[in-house]
Participant: 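Pasting a structure here, questions to come.
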Amino acid sequence: MSTMFALVDCNNFYVSCERLFRPALNRCPVVVLSNNDGCIIARSNEAKELGIGMGEPFFKKKAFLQRHKVKVFSSNYGLYGDLSCRVMSVLQQLEPDVEVYSIDEAFVRLPAHAEQPVIQQGKKIKQRVDQCVGIPVSVGIGTTKTLAKIAASVAKKDQQCSGVFFLEDSVQKTILSTLEVQTIWGVGRQTSNTLNRHGIYTALELQQSDPAWIRKILGLPCARTVMELRGQPSIPLEATPSSRKSVVSSRSFRHPVTELSALKEAVSWFISLAANKLRNQELVAAQLHVFLSTSRFRTDIPRFSGSSMATLPQPTSTTSVLIKAGMQELAALYKKGYPYNKAGIMLTGLGRADMQQQNLFVPAESKRNTKLMAALDQINRRWGRDALRYASSGLQREWSMKQSWRSPAYTTNWKELPVVH
DNA sequence: TCTGGGGTCCTAGGACCC
DNA sequence: TCTGGGGTCCTAGGACCC
């Protein structure tokens, strides 16, 4: 038997995280909101049954949610990130080749000649995560990652398979013929529109089309998907994460912001967050991009969206150096009179901090900076990430996020540990 | 009033070179 | 009138993912 892939997918992950510490929520409809309490990004099954869609704006559903007594949470990424790590480490204890695909999903290579049938291996994974972490998962198994994804969606929907499904050859045709192309991993709206125009509507029809022709009209990624549907692995499992290529930090504001001074505070804060992330991974950045935009949903105001890039004198992760460059870009980008609702920064040209190439014309960055940053990070690790911060990131924070219903950081903050009587 | 944030890969087209 | 061709590198933008 050829090698098999399993996709392990946490069910309604953010909701499951909230429920873990509040079992009383187990039968209630629950939703979790995006940053800024903007959209609904996670729903319990009960909430899905009420017809609440993924990504729906919260303000449009607020009354409805109240009426149906749906419990609402702001997102709590500290908690979700920590529980995600626990799930992933359980998987890594079971199998050597695990690709952490997202915060709530992982691909696992199942041993080719195991004594256990794959379905048993899948059940074991599910049971172990349940026992060690308490987060329910679905497991889909197939001969390629794309087929494993499809199997996982069946596992999730079909009550009869109790969370584990193997997409065997014998059932493949039947299942693929009922799936719309849009539901396939890697096929989005644009691609599915194009496919539809060519008379291809189901996963089965896509599987049976000519990869060379698909390649011509839709490009390489889609041609790979066709191969994967045919059972020929074309998207390899990446057990060792490739090094990161960019770091982004951006937020929507609570209220529109027009003043340059407030934008400076926000951008300084975003830079502090991103620079810290850079240092945690022992990276430095060569470029800094600043971007700024008005709401893309409002038609009653003048609109603006733009970005500006600075090439740093030398790659760095020092907050003060980055803030200085960022303030210059922001000033160049800023136009008076627009109600901005979002700003952000992106760091690119990332390289390892210990392998920097020195610039002939610029003195090497002082050791003082490195030590200062280490001290800053240590203090903030201990006392909270904004215990010590740059004055330029402000105290008033008119622009800060809305987060009205955040649960405690049960597992990552000593002050917020759950209390047992 | 109020519509997320953080990523990756691919492709087309421009600039530049010989 | 007629005005090469091919290669590389870089960037912006599109599409997709969760």
Participant: If you check the A:K342 side chain, which of B:dG5, B:dG4, C:dA15 turns out closest?
Facilitator: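 When the side chain of A:K342 is considered, B:dG5 is the closest of B:dG5, B:dG4, C:dA15.
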Participant: Out of A:R19, A:K71, A:K69, A:R27, which one pairs with A:E46 under the salt bridge (Lys or Arg N to Asp or Glu O under 4.0 Å) rule?
Facilitator: A:R19
Participant: Can you give each donor-acceptor pair under 3.5 Å made by side-chain atoms of residues 140-150 of chain A, sequence neighbours left out, with the distance rounded to 0.1 Å?
Facilitator:
from   : atom 1 : to     : atom 2 : distance (Å)
A:T144 : OG1    : A:L147 : N      : 3.2
A:T144 : OG1    : A:E228 : O      : 3.0
A:K145 : NZ     : A:E99  : OE1    : 2.7
A:K145 : NZ     : A:P236 : O      : 2.9
A:T146 : OG1    : A:E228 : OE1    : 2.7
A:K149 : NZ     : A:E105 : OE1    : 2.5

Participant: Is there a residue in residues 209-235 of chain A whose heavy atoms reach under 4.0 Å of DNA chain B, and which residues are they?
Facilitator: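 Hits under 4.0 Å, by residue number: A:R215, A:G219, A:L220, A:P221, A:R224.
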Participant: Expressed in angstrom and rounded to an integer, what is the separation of A:N193 atom CG from C:dG14 atom C1'?
Facilitator: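 It is 14 Å, rounded to the nearest whole Å.
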Participant: Considering only the C1' atoms, how many Å lie between B:dC16 and C:dG4, rounded to the nearest integer?
Facilitator: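 Between the two C1' atoms, the distance is 16 Å.
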Participant: Strictly under 3.5 Å: I want the nitrogen or oxygen pairs between protein and nucleotides 6-8 of chain B, one per line.
Facilitator:
from  : atom 1 : to     : atom 2 : distance (Å)
B:dG6 : OP1    : A:R251 : NH1    : 3.0
B:dG6 : OP2    : A:S250 : N      : 2.7
B:dG6 : OP2    : A:S250 : O      : 3.2
B:dG6 : OP2    : A:S250 : OG     : 2.9
B:dG7 : OP1    : A:R244 : NH1    : 3.1
B:dG7 : OP1    : A:K277 : NZ     : 2.4
B:dG7 : OP2    : A:V248 : N      : 2.6
B:dG7 : O5'    : A:R244 : NH1    : 3.0
B:dT8 : OP1    : A:K245 : N      : 3.1
B:dT8 : OP2    : A:S246 : OG     : 3.1

Participant: Does B:dT3 have its OP1 or OP2 closer than 4.0 Å to a side-chain nitrogen or oxygen of A:S252?
Facilitator: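 Checking A:S252 against B:dT3: no side-chain N or O falls below 4.0 Å of OP1 or OP2.
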Participant: What is the distance, to the nearest angstrom, from the CG atom on A:L33 to the C1' atom on B:dG5?
Facilitator: 14 Å
Participant: Under 3.5 Å, is there a donor on one side chain and an acceptor on the other for A:T311 and A:Q287?
Facilitator: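 The answer is no; no qualifying pair exists.
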Participant: Atom CD1 of A:I103 to atom P of C:dC17: distance rounded to whole Å?
Facilitator: 19 Å
Participant: Quick one: label A:L273 by what it contacts on the DNA or RNA (base, sugar-phosphate, nothing), any heavy atom closer than 4.0 Å.
Facilitator: nothing
Participant: Can you tabulate the close N/O pairs, meaning under 3.5 Å, that link protein atoms to atoms of nucleotides 11-13 of chain C?
Facilitator:
none

Participant: Using a strict 4.0 Å threshold on nitrogen-to-oxygen distance, state whether A:K126 and A:D130 make a salt bridge.
Facilitator: no
Participant: So what does the secondary structure string of DNA chain C come out as, 5' to 3', with Watson-Crick or wobble pairs under 3.5 angstrom, [ ] for crossing and | for pairs with another strand?
Facilitator: ....||||||||||||||
Participant: Tell me, yes or no, whether the heavy-atom count around A:K156 atom NZ, taken from other residues, nucleotides or ligands under 6.0 Å, exceeds 12.
Facilitator: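 Counting neighbours around NZ of A:K156, more than 12 heavy atoms of other residues, nucleotides or ligands fall under 6.0 Å, so yes.
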Participant: Side chain to side chain contact (heavy atoms under 4.5 Å, CB included) for A:R244 and A:Q281? Distances and angles first, verdict last.
Facilitator: CA-CA 9 Å; A:R244 159 184 312 285; A:Q281 305 186 24; 3.1 Å; yes
Participant: With a 4.0 Å cut-off on heavy atoms, is A:K61 in touch with a base, just the backbone sugar-phosphate, or nothing at all?
Facilitator: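 Here A:K61 touches no strand at all.
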Participant: Compute whether any side-chain donor of one residue and acceptor of the other, for A:R189 and A:Q182, lie under 3.5 angstrom apart.
Facilitator: no
Participant: Compute whether any side-chain donor of one residue and acceptor of the other, for A:K48 and A:N12, lie under 3.5 angstrom apart.
Facilitator: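 Per modelled atom types, A:K48 and A:N12 side chains form a pair under 3.5 Å.
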Participant: Would you tell me whether A:S138 and A:N11 have side-chain atoms, one donor and one acceptor, within less than 3.5 Å of each other?
Facilitator: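 Note: A:S138 and A:N11 side chains meet the donor-acceptor criterion.
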Participant: A:Q190 has an atom CD; how far is it from atom P of B:dC9, in whole Å?
Facilitator: 21 Å
Participant: So A:S295, base contact, sugar-phosphate only, or nothing? Heavy-atom distance under 4.0 Å.
Facilitator: nothing
Participant: Answer yes or no on whether A:K61 is positioned over the face of A:F64, meaning its NZ or CZ is under 6.0 Å from the six-membered ring centre and within 45° of the axis.
Facilitator: yes
Participant: Figure out the NZ/P separation between A:K60 and B:dT1, and round it to whole Å.
Facilitator: 13 Å
Participant: Looking across every strand, which nucleic acid part, if any, lies under 4.0 Å from A:D37 by heavy atom: base, sugar-phosphate, or nothing?
Facilitator: nothing
Participant: Side chains of residues 256-264 of chain A: which donor-acceptor partners sit under 3.5 Å, not counting sequence neighbours?
Facilitator:
none

Participant: Looking at A:K124, A:Q131, A:K123, which hits side chain to side chain donor-acceptor pair (under 3.5 Å) with A:Q127?
Facilitator: A:Q131
Participant: What integer distance in Å separates A:I41:CD1 from C:dC18:C1'?
Facilitator: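 Atom CD1 in A:I41 sits about 10 Å away from atom C1' in C:dC18.
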Participant: Return the value, rounded to whole Å, for the distance between atom NZ of A:K156 and atom P of C:dC18.
Facilitator: 10 Å
Participant: Looking at B:dG5, C:dC18, B:dT3, which one has an atom nearest to any side-chain atom of A:Y101?
Facilitator: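 Per side-chain heavy atoms of A:Y101, the pick is C:dC18.
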Participant: A:F59 has an atom CZ; how far is it from atom C1' of B:dT1, in whole Å?
Facilitator: 9 Å
Participant: Nearest to the side chain of A:P57, heavy atoms from C-beta on, is which of B:dT3, C:dC18, B:dG4?
Facilitator: B:dT3
Participant: Check whether more than 12 heavy atoms from other residues, nucleotides or ligands sit under 6.0 Å from atom CD of A:E180, and answer yes or no.
Facilitator: no
Participant: Does a side-chain N or O of A:S75 approach OP1 or OP2 of B:dG4 to a distance below 4.0 Å, or not?
Facilitator: no
Participant: Quick check, are the ring centers of A:F107 and A:Y101 under 6.0 angstrom apart?
Facilitator: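 Yes, close enough.
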Participant: Where the side chain of A:R298 is concerned, which of C:dC18, B:dG4, B:dC2 is the nearest nucleotide?
Facilitator: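 Closest nucleotide among those given: B:dC2.
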Participant: Would you check if there is a donor-acceptor pair between the side chains of A:T319 and A:R279 at a distance under 3.5 Å?
Facilitator: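 Result is yes, a qualifying pair exists.
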Participant: Report the nucleotide, chosen from B:dG4, C:dA15, C:dC18, that has the shortest atom-to-atom distance to any side-chain atom of A:E105.
Facilitator: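 Per side-chain heavy atoms of A:E105, the pick is C:dC18.
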